[in-house]
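Take a look at the structure set out below.
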Amino acid sequence: MKLIVYRNEREASAATAEALASAIVRHPAMVLGLPTGRTPLPLYARLAELREQRHFDASRVTTFNLDEFWRLPASHPGSYRAYMERHVFSRLAIAAGQVGFLDGMAPDAETECLQYERAIRAAGGLDVLILGIGTNGHIGFNEPGASLRARTHLAALKPQTRRANAVFFEGDASKVPGQALCMGMGTILGARRIILMAFGRGKSKAIQGMVQGPVTTRLPASFLQLHADVDVVLDEGAAERLAASQAG
Ligand code: PGA
């Protein structure tokens, strides 16, 4: 894993946006895997500015999102599709035909997951996958536990994850869907390149475990140690336990 520590979230996001924009200039038809959450918002905002200033053209880029709520229409403001339309697809002018998304209203979860895996393979696989990390070390809805799923699957949300998502559900965690479709750890590790971003001291324990701890299903992000090309983009807060242990 390559650790890159910036002074703050803004600098980290700007540098990552520039690196991605350059990659898209070099490979205009690249396949991107993308997350939702709070972490990538400054990255998406900066990428949108760079696109609007014509630093790159994303019209040939294909995207696949990490996850989506199960049994929530895409039109619901709390859906990940709605988040992506708002922050990414409209602003980067990515056409609907180039957007790969798990359909939370699909008739059958298993069939939907298999189709998603097939669609990623048919697109040639993920060239770059951007990830965040939960304070408990989860990646998407791959939560800590006795086991992890390799491929795209239907996952049950932990109470803390439902609480963290309540903002688009009138602040009421009980209105957040209890299940979601999510890429599996094998799908994630199949990406050619991974960029994981984490900001703030609240993430520092998960980052320490991911980088220095054992590979364990108890901290799903630790599986990224098995991948040959992972950039870990941090601010000083998220890196603080790494610095302490390196100094000590
Ligand atoms: P966040 O979520 O970006 O909103 O912190 C990350 C995650 O929980 O996966």
Side-chain angles (χ1 to χ4, degrees), residues 4 6 8-14 16-17 20 32-47 64-70 72 77-84 86-88 102 126 129-145 148-149 152-153 155-169 171 173 176-185 187-189 191 194-211 217-224 227 230-241:
I4 313 165
Y6 292 90
N8 55 48
E9 167 176 342
R10 194 183 53 78
E11 286 181 17
S13 304
T16 306
L20 263 184
L32 278 179
L34 298 172
T36 52
R38 208 190 59 81
T39 304
L41 285 174
L43 164 71
Y44 293 154
R46 183 68 191 130
L47 261 183
F64 287 93
N65 264 78
L66 191 60
D67 43 24
E68 178 59 290
F69 289 115
W70 182 237
L72 189 71
S79 77
Y80 288 163
R81 179 70 190 233
Y83 167 111
M84 291 300 294
R86 208 161 42 237
H87 297 293
V88 181
L102 284 157
L126 304 174
L129 172 59
I130 312 288
L131 294 175
I133 182 172
T135 51
N136 65 0
H138 73 201
I139 299 284
F141 292 110
N142 296 284
E143 298 281 4
L148 283 172
R149 300 282 296 276
T152 302
H153 60 281
L157 269 62
K158 299 244 186 220
Q160 73 188 77
T161 305
R162 290 177 85 188
R163 278 196 298 278
N165 279 279
V167 50
F168 287 112
F169 297 85
V176 177
Q179 291 176 298
L181 300 172
C182 182
M183 287 184 192
M185 287 311 299
T187 323
I188 288 165
L189 291 170
I194 294 174
I195 303 174
L196 181 138
M197 307 179 81
F199 305 128
R201 299 174 73 183
K203 299 284 172 79
S204 64
K205 197 152 182 266
I207 290 297
Q208 184 184 31
M210 174 183 85
V211 174
T217 60
R218 301 284 167 193
L219 202 154
S222 64
F223 277 74
L224 299 182
H227 193 281
V230 181
D231 282 358
V232 181
V233 175
L234 307 172
D235 68 354
E236 288 177 353
E240 89 181 353
R241 287 172 194 248

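Given the structure is predicted, the values throughout are model-derived calculations rather than measurements. Remember, it's 1-based here, ligands and their atoms both numbered in the order they're listed.
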Considering heavy atoms of the protein only, find what lies nearest to atom 7 (C) of ligand 1 and give residue, atom and distance to 0.1 Å.
H138 NE2, 3.3 Å

Specify the protein heavy atom at minimum distance from atom 3 (O) of ligand 1: its residue, its atom name, and the distance to 0.1 Å.
T39 OG1, 2.5 Å

If you have a sec, work out which protein heavy atom is nearest atom 4 (O) of ligand 1 and how many Å separate them, to one decimal?
R38 N, 2.8 Å

Looking only at N/O atoms, are T36 and ligand 1 under 3.5 Å apart anywhere?
no

Once rounded to the nearest 0.5 Å, what's the spacing between atom CD of E9 and atom OG1 of T16?
11.0 Å

Output the list of atoms in ligand 1 that are nearer than 4.0 Å to some heavy atom of G134, sorted by atom number.
7 (C), 8 (O), 9 (O)

Find the distance between CG (L157) and CZ (R163) and round it off to the nearest 0.5 Å.
11.5 Å

Straight-line distance of H227 NE2 to L196 CG, nearest 0.5 Å:
12.0 Å

Can you pull out the closest protein heavy atom to atom 5 (O) of ligand 1? Residue, atom name and distance to 0.1 Å, please.
K203 NZ, 2.7 Å

Element-labelled atoms of ligand 1 that are located less than 4.0 Å from some non-hydrogen atom of G37
3 (O), 4 (O)

Do R241 and S204 have side-chain N/O donor and acceptor atoms under 3.5 Å apart?
yes

Please state which part of I133 comes within less than 4.0 Å of ligand 1, counting heavy atoms only: side chain, backbone, both or neither.
backbone

Relative to each other, are the rings of F69 and F141 parallel, tilted or perpendicular (30° and 60° limits)?
tilted

For residues T135 and K203, determine if any side-chain heavy atom of one lies less than 4.5 Å from a side-chain heavy atom of the other.
yes

